[in-house]
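Note sheet for the following structure.
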Amino acid sequence: MAEETKTPETGETPESRNFIHAFIDEDIAEGGQFQGKTVHTRFPPEPNGYLHIGHCKALSIDFGTAEKYNGMCNLRMDDTNPTKEDEEYVDAIKEDILWLGFTWDDRFYYASDYFDKMYEFAEGLIKQGLAYVCELTPEQMKEMRGDLTHPAQSPYRDRPAAESLDLFHRMKAGEFPNGAMTLRARIDLASGNFNLRDPALYRINHMAHHRTGDKWCIYPMYDFAHPIEDALEGITHSLCSLEFESHRPLYNWVRDHIPTEAKPRQIEFARLGINYTVMSKRKLRRLVEENVVSGWDDPRMPTICGLRRRGYTPASIRNFCDRIGVSKADSTVEFGFLEHCLREDLNMTAKRAMAVLRPIKLTITNYPEGKSEAFEVENNPERPEDGMRSVMFGRELFIEREDFMEEKVGKFFRLYPGNEVRLKGAYVVKCTGCVKDENGNVTEVLAEYDPDSRGGDPADGRKIKSTIHWVDAATAVDAEIRLYDNLFVDSDPDGEGKDFMTCLNPDSFETLTGCKVEQGLRDATFPAAFQFMRQGYFCLDNKDSAPGRLVFNRSVSLKDGFKK
RNA sequence: AGCGGGUUUGUGUAAUGGUAGCACACCGGACUCUGACUCCGUUUGUGAGGGUUCGAAUCCUUCACCCGCUGCCA
């Protein structure tokens, strides 16, 4: 019974639930706080950088949870701090989300749309005696923060509401410089949770905002703004990462002291960690700003656009995020699992093409000089509907150096003197020897073809153990192929005093020149992905390709060849 | 130290008092117009102790270890 309900791809039951679903089920159950309401979530990136695969996990949880409950998920730019934010990022974020295939319809919002409302709510808190204007400088506030066993202090805590209200108005009017004062919530200076030690609600920042311009010189803090944004949008479940767990009491405090109908619930989950991968926006930004990489879309970056350029498909990334699961335990997923998800998708969708990465000439000595012919080869054996393509064949070909050995070793079934192999889609050939230079290096492999094996099937039906790929020397196109690794290799980047820049993988990038690819690939366009037979999956990088020169990025590695 | 979380095989995640399962990885084997893909198979796990129970990953208890929090960042 349970067997039949499993999906073939993942082996998971469609009904599989995570702990978030369990919470939501509780909430909507008879008597629960959200019974009868539509589940409503949101994805709230701060537009201060590009999205990376960690965001895709959040995207998947936010949109996926809404979908599971037939609800909705909003896209909201959490732009409450003009210091780092920019419209450039807004557009990039939207583009990446769309590329991944998530849709927000018309539910696109900015936190800055609610600045008036937030200001009004802040006035309300002041009038109720729940917030006050504090004149401590940032340095003083830090000094008076207290510690684990001593409470914080503020001499302004008992300021009359009317006076705080006046000061708050004057803060907004621009009478005070940055840092001169803050609006603080009056909660509990002795709380073991520092977030409740009268947290700042508003700070002064005389800086133009990317959307509101110079209208404001005071901006709400995340802890004040976020529950308001959620409540105003009717969010029922505000899903965020674990580091906000200790902020939840504050989230609830704000939520419960503002006059909104919606009372959203915050639920936290563990953020995505992948080994060998830099997943901190701050660090990624540094790589871009210090020109360690060519940009946010450098193929070594774990950004959505970087992965896209490296050949990752939306389906593979989303499938990965769906399959890694959701929990509250810190975890590090193996990068190899992402690669697996990509291979799985690409195997079904990528076109096959022949490319020789490390070429050596193969001469068919009994094939007429000057003769050439075309063969029809399937584009994807998994999908016959993808049709056939024509590849040229001639007396001189290129094959992989690794497909020839002077003497057979172990389970090597490819070309060695006396052995027959099939040239993919063309003829069966028998190796007759090789040519060497004065240093003893093999410069050319020699073979004879069987004219009665056109298309690759010997007329007498004899079994050919192995097949290799090749390209026609006369028509092959030169290409450059880049093998990308992750930029980061140190698994403990934040180790004592060690700058993460010194942990970067110096071999994150290898360029193979002199590669030979099929003529037809000249007409290929990004983001077409190809499987170059045993060599793995590659995508054409139009961004770096110049006329007459093709550049391919390797998206994943395949397992190694024969075993000795 | 105060507060809040966490701990199931190498990795990630199921099992919510009733056979510890799945995926990836690994190893072994088979197949093949490529050794890719696919297929078959093996090994490996409930942090530790005590308790409740016919029965505990699950409930209680003690301990250990790990993570987060003292921004006018989000």
Side-chain angles (χ1 to χ4, degrees), chain A residues 2 6 9-13 16-18 22 44-46 48 78-81 83-85 134 136-138 141-142 145-150 152 178-184 190-197 199-205 218-219 221-223 225-226 240 242-249 268 270 275 281-282 323-334 336-341 343-344 347-348 352 377-378 381-382 400 403 411-414 421-426 428 455-457 464-469 531-537 558-563:
Chain A
K6 286 180 179 175
E9 292 79 16
T10 62
E12 290 167 7
T13 55
S16 74
R17 296 193 322 161
N18 59 44
E46 183 188 15
N48 69 345
D78 207 1
D79 55 352
T80 57
N81 181 358
T83 308
K84 300 179 292 182
E85 295 152 7
C134 178
L136 254 24
T137 63
M141 200 182 285
K142 189 169 185 177
R145 173 74 59 185
D147 58 30
L148 276 347
T149 47
H150 301 284
N178 292 355
M181 48 184 76
T182 55
L183 179 71
R184 289 229 251 169
S191 175
N193 182 348
F194 282 74
N195 297 118
L196 297 179
R197 315 255 265 221
L201 266 26
Y202 266 91
R203 77 286 217 178
I204 299 171
N205 187 357
I218 58 172
Y219 293 93
M221 299 290 292
Y222 168 86
D223 285 313
H226 211 83
C240 63
L242 232 39
E243 70 264 30
F244 293 103
E245 208 162 23
S246 57
H247 293 245
R248 188 177 351 117
E268 312 84 12
N275 58 2
K281 207 193 256 184
R282 205 195 89 248
R323 290 218 259 163
I324 53 176
V326 184
S327 76
K328 296 194 72 149
D330 297 313
S331 60
T332 305
V333 178
E334 286 176 359
F337 187 53
L338 214 207
E339 293 185 310
H340 164 80
C341 291
R343 277 198 299 271
E344 190 176 68
N347 183 46
M348 294 305 296
R352 272 47 165 182
V377 183
E378 77 235 326
E382 306 287 337
E400 297 287 348
D403 284 349
K411 295 182 176 180
F412 183 80
F413 297 117
R414 278 120 73 180
V421 301
R422 176 184 296 107
L423 294 175
K424 170 79 180 173
V428 170
D457 290 315
I464 305 299
K465 179 74 178 169
S466 202
T467 303
I468 64 172
H469 54 277
Q531 182 186 357
F532 288 165
M533 300 311 177
R534 279 197 320 272
Q535 311 291 358
Y537 294 93
L558 295 187
K559 289 164 188 164
D560 287 334
F562 86 100
K563 296 177 186 75

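Lettering follows sequence order; numbering is per chain, from 1.
Taking atom C1' on both B:rA36 and B:rU16, the two are 42 Å apart, rounded to the nearest angstrom. Between B:rU8 and B:rU46, the two P atoms lie 11 Å apart (nearest whole Å). Taking the P atoms as reference points, B:rU42 lies 15 Å from B:rG29, given to the whole Å. For the P atoms, the distance linking B:rC65 with B:rC22 amounts to 35 Å, nearest Å.
Every salt bridge (Lys or Arg N to Asp or Glu O under 4.0 Å) that A:K424 has, sequence neighbours left out, goes to A:E378. Residues forming a side chain to side chain donor-acceptor pair (under 3.5 Å) with A:E334 (at least two apart in sequence, or on another chain): none. Legend: residues meeting side chain to side chain contact (heavy atoms under 4.5 Å, CB included) with A:S327, ordered by chain and number and at least two apart, are A:A329. A:F244 is linked by a ring pair (Phe, Tyr, Trp, His ring centres under 6.0 Å) to A:Y222, A:H247, counting only residues two or more places apart in sequence or in another chain. A:N178 is linked by a side chain to side chain donor-acceptor pair (under 3.5 Å) to nothing, counting only residues two or more places apart in sequence or in another chain. Applying the salt bridge (Lys or Arg N to Asp or Glu O under 4.0 Å) criterion to A:E268, with sequence neighbours excluded, gives A:R248, A:K328. Remark: A:T83 pairs with A:N81, A:N205 by the side chain to side chain donor-acceptor pair (under 3.5 Å) rule, at least two apart or across chains. Scanning for side chain to side chain donor-acceptor pair (under 3.5 Å) contacts around A:T467 gives A:R422, with sequence neighbours left out. Applying the side chain to side chain contact (heavy atoms under 4.5 Å, CB included) criterion to A:A426, with sequence neighbours excluded, gives A:F375, A:F393, A:L423, A:W470.
When distances are taken from the side chain of A:E334 to each of B:rA14, B:rA36, B:rG10, the shortest belongs to B:rG10. The nucleotide whose nearest atom lies closest to any side-chain atom of A:R343 is, among B:rC37, B:rU13, B:rG12, B:rC37.
Across all strands shown, A:T149 has heavy atoms under 4.0 Å from sugar-phosphate atoms exclusively, and none from any base. At the heavy-atom level, A:E382 lies under 4.0 Å from the strands shown only through sugar-phosphate atoms. Nucleic acid contact for A:D457: base, since at least one base atom lies under 4.0 Å from a heavy atom of the residue. The residue A:V326 sits close only to the backbone: its heavy atoms come under 4.0 Å of sugar-phosphate atoms, none of a base. Heavy atoms of A:H340 sit under 4.0 angstrom from primed sugar atoms or phosphate atoms, though from no base atom.
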Practice prompt. At under 4.0 Å between heavy atoms, which parts of nucleotides 68-74 of chain B does protein reach? Answer with one letter per nucleotide, 5' to 3': B base, S sugar-phosphate only, - none.
Written response: -SB-BBB
Where do N or O atoms of nucleotides 44-46 of chain B meet protein N or O atoms at under 3.5 Å, pair by pair?
none

Worksheet, complete the sentence: Applying the Watson-Crick and G-U criteria (both distances under 3.5 angstrom) with [ ] for crossing and | for other-strand pairs, one obtains for RNA chain B .((((((..((((....[..))))..((((.......)))).....(((((..]....))))))))))).....
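For A:N347 and A:G336, each mapped to the nucleotide of RNA chain B holding its nearest heavy atom, the one lying further toward the 5' end belongs to A:G336.
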